Every structure is written in C-alpha cells, then in structure tokens.
Participant: 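Below is one structure. I have some questions about it.
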Amino acid sequence: MADLSTLARPYAKAAFDYANEHNVVSEWQDFLFIASTIVSDKSFHTWLDDPAISAEQKSAALIDIYDAQVATEGDSAFKQLLNNTQGHSSNGDASYPKVTPALHNFVNQLAAQERLALIPEVYEHYRRHKAASLKQLDAYVTTAYPLTADQRDMLQTRLAGSLNASVVLHESVDPSLLAGATIKVGDKIIDDSVRGKLQQLKTQLTA
C-alpha cells in the first residue's frame, strides 16, 4: 500500500491549484494547518477510525471545531497557534473567515474517501506547493539566546539575498550553543555557534 505522503500528494495539489487560482492560498493553508493539528490529536484520530460514525459527521465535526475556535471573535488557543506559527498578527482578536463552501466540499471528499487522517500530510505538501510558487524557503535558526527584532530582520535580509528567495525563519533557542547560531536550509547546515567552533578545534587538535 502506498505511504501516507504519496496518498496525500494529489489532494494537496488539487487544493493548492484551486486556492491559487481563486486567491485564497492563505485561507486554505490556515484551515489545513489547524485541521492537521486536530486530526493529529490521539483521541480525535481514534474517533475518526470509528466505523459507526458517518463521513458527513466526521467532516462536519472538523469544520465545526475550526469555525467555533478560529472563525470567531475573541481569543482562543487555535488562533494563538495560527498567530505564532503562520506569520499572522499576534493580536488574539484577529479575525479569520469561516470555512467556505469550496473548502467544505474538499473536506467532504476527503471524508467520503476515508482520507481525513491524511490532512497532516496534505498540509505539508500544500506548504511545499506554496513555497515553490513564491520561491520561498524555510530557514531553521537555532540560537543560544532569542533573536532581537533587529537581528531577525538582518538575518532574514541576508539569507534572502544570498539564497535569492523569500525566506521564512523558524526560530528555536538552545543555550548549549553558548553563542552564535546554527542555520538549516534544506539539506544545508551552517554552524556558526561557539559550541560548533570548539568542536571543530577539538577535531583539528586530535586529528
């Protein structure tokens, strides 16, 4: 049987092609991201596997959770998650649209074909389609201390210039680096941390 990633590819392409054509790429990405988070929850995933629950009930539940938690006034954990990970405003009162008929139909098709569990993989492939269309690259930056706004802007500008692409930074902090940073873009890793330099020196001295 094909793996989940392979099964998800045609759904992701169909979703992105539609969203790109109708200028709703970000809206679909927001939904797929939250839906993937919901589907990845162990209890919800188990519920999806229950044959006594109809496809219509499963798709409706997923959409209802999104509309109730994201497409609503006020703050919520899912809205904060979107704000923190998808590059949106940090304002907890930011508004998001409800699930559209087209997106509703897409979810219904997944449910009818017993493919709702594929949504996390669909989301990852969708992101790649979007990045390719924008010539956008993900840069995973690990620093000993949190970046300041000026450091973040400077790093993003330099990476964009050297890579000739729009760059999305994904930041994490690892105090064991001591100082400096490590940067991973695709299969390339730049280790400019003090820990990395000490390790290089140790290797040279023991060679």
Side-chain angles (χ1 to χ4, degrees), residues 2-41 43-138 165-166 168 170:
D3 62 27
L4 296 181
S5 180
T6 300
L7 291 171
R9 284 194 186 103
Y11 295 105
K13 187 177 187 309
F16 181 78
D17 286 347
Y18 174 89
N20 193 39
E21 182 180 349
H22 292 83
N23 297 315
V24 288
V25 171
S26 294
E27 289 85 346
W28 279 56
Q29 179 172 325
D30 288 343
F31 174 82
L32 289 172
F33 171 70
I34 293 299
S36 69
T37 303
I38 297 169
V39 168
S40 297
D41 179 79
S43 59
F44 193 89
H45 192 88
T46 300
W47 183 78
L48 285 180
D49 287 337
D50 188 341
I53 301 171
S54 69
E56 291 79 8
Q57 289 175 306
K58 292 173 182 178
S59 61
L62 192 58
I63 290 168
D64 287 346
I65 292 173
Y66 182 88
D67 281 346
Q69 296 295 319
V70 179
T72 184
E73 294 183 0
D75 200 4
S76 72
F78 282 137
K79 288 178 76 171
Q80 285 293 338
L81 189 60
L82 274 176
N83 294 338
N84 294 336
T85 62
Q86 301 298 302
H88 296 308
S89 166
S90 59
N91 180 4
D93 292 328
S95 61
Y96 297 92
K98 288 190 174 183
V99 175
T100 62
L103 189 45
H104 202 301
N105 184 55
F106 178 73
V107 176
N108 285 342
Q109 289 183 34
L110 288 174
Q113 297 171 34
E114 299 183 349
R115 293 290 190 254
L116 285 177
L118 289 179
I119 286 181
E121 284 75 24
V122 171
Y123 168 69
E124 289 303 324
H125 284 294
Y126 184 97
R127 283 181 63 245
R128 294 187 188 112
H129 283 299
K130 179 183 176 183
S133 72
L134 298 175
K135 201 176 181 183
Q136 183 182 86
L137 296 174
D138 291 312
S166 172
V168 176
H170 302 271

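Since we're looking at a predicted model, the values are computed, not measured.
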Participant: Is it the case that the side chain of K98 and the backbone of D67 share a donor-acceptor pair, with hydrogens and angles ignored and the cut-off at 3.5 Å?
Facilitator: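 Pair absent, no side-chain N/O of K98 close to backbone of D67.
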Participant: With distance as the sole criterion, is a donor-acceptor pair present between the side chains of D3 and S5 under 3.5 Å?
Facilitator: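 No - no donor-acceptor pair under 3.5 Å links their side chains.
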Participant: Yes or no on side chain to side chain contact (heavy atoms under 4.5 Å, CB included) for R127 and E124, after CA distance, side-chain angles and deciding distance?
Facilitator: CA-CA 5 Å; R127 283 181 63 245; E124 289 303 324; 3.0 Å; yes
Participant: May I have the step-by-step check of side chain to side chain contact (heavy atoms under 4.5 Å, CB included) for D30 and V70, ending in yes or no?
Facilitator: CA-CA 9 Å; D30 288 343; V70 179; over 6 Å; no
Participant: Restricting to non-hydrogen atoms, name the atom on F78 and the atom on I34 that form the minimum distance, rounded to 0.1 Å.
Facilitator: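 Where F78 meets I34 most closely, the heavy atoms are O-CD1, 3.7 Å.
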Participant: With a 4.5 Å heavy-atom cut-off, do L81 and T37 have their side chains touching?
Facilitator: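 Of all side-chain heavy-atom pairs linking T37 with L81, at least one is under 4.5 Å.
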Participant: L116 and S59: which non-hydrogen atoms are nearest, and at how many Å?
Facilitator: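 Shortest heavy-atom contact: CD1-N, 4.1 Å.
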Participant: Are F31 and W28 an aromatic pair, judged by ring center distance below 6.0 Å?
Facilitator: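 No: the rings miss the under 6.0 Å criterion.
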Participant: When you measure from the side chain of Y18 to the backbone N and O of L103, does any donor-acceptor pair fall under 3.5 Å?
Facilitator: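 Checking the backbone N and O of L103 against the side chain of Y18, no donor-acceptor pair under 3.5 Å is found.
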Participant: Looking only at heavy atoms, which two atoms of L7 and R115 are closest? And how far apart?
Facilitator: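 Taking every non-hydrogen atom into account, CD2-NH2, 4.2 Å.
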Participant: Is K79 reaching over with its side chain to a backbone N or O of Y96, donor-acceptor style, under 3.5 angstrom?
Facilitator: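 Checked: no pair found.
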Participant: What do you reckon, is CD of E114 surrounded by more than 12 foreign heavy atoms closer than 6.0 Å?
Facilitator: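 Not buried by this count: 12 neighbours or fewer within 6.0 Å.
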Participant: First locate atom NE2 of H22, then atom CD of E27, and finally report the distance between them rounded to the nearest 0.5 Å.
Facilitator: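 Here the interatomic distance stands at 12.5 Å.
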Participant: Can you check whether Q69's main-chain N or O pairs, donor with acceptor, with T72's side chain at less than 3.5 Å?
Facilitator: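 Flag not set: sc T72 to bb Q69 has no pair under 3.5 Å.
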Participant: Please name the residue in the list V122, L32, L48 that meets the side-chain contact (heavy atoms from CB on, under 4.5 Å) test with V39.
Facilitator: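 So the option named by the test is L48.
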Participant: Checking side chain to side chain contact (heavy atoms under 4.5 Å, CB included) for the pair L118/L110: CA distance, chi angles, key distance, verdict?
Facilitator: CA-CA 8 Å; L118 289 179; L110 288 174; 5.6 Å; no
Participant: State, to 0.1 Å, how close K58 and I53 come at their nearest heavy-atom pair, and which atoms those are.
Facilitator: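 Closest heavy-atom pair between K58 and I53: CE-O, 3.3 Å.
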Participant: Where do H125 and K13 land on the side chain to side chain contact (heavy atoms under 4.5 Å, CB included) test, with the steps shown first?
Facilitator: CA-CA 8 Å; H125 284 294; K13 187 177 187 309; over 6 Å; no
Participant: So which heavy atom on S36 is nearest to which on I119, and how close?
Facilitator: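 Looks like N-CG2, 3.6 Å.
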Participant: How far apart are the closest heavy atoms of A52 and Q57, and which atoms are they?
Facilitator: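 Scanning both residues, the minimum pair turns out to be O-OE1, 4.4 Å.
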Participant: Using the ring pair (Phe, Tyr, Trp, His ring centres under 6.0 Å) definition, which of the options Y11, Y123, F106, Y126 pairs with F16?
Facilitator: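 With F16 as partner, ring pair (Phe, Tyr, Trp, His ring centres under 6.0 Å) holds for just one option, Y126.
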Participant: Does atom NE2 of H45 have more than 12 heavy-atom neighbours, drawn from other residues, nucleotides or ligands, at distances under 6.0 Å?
Facilitator: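 Count not over threshold, so no.
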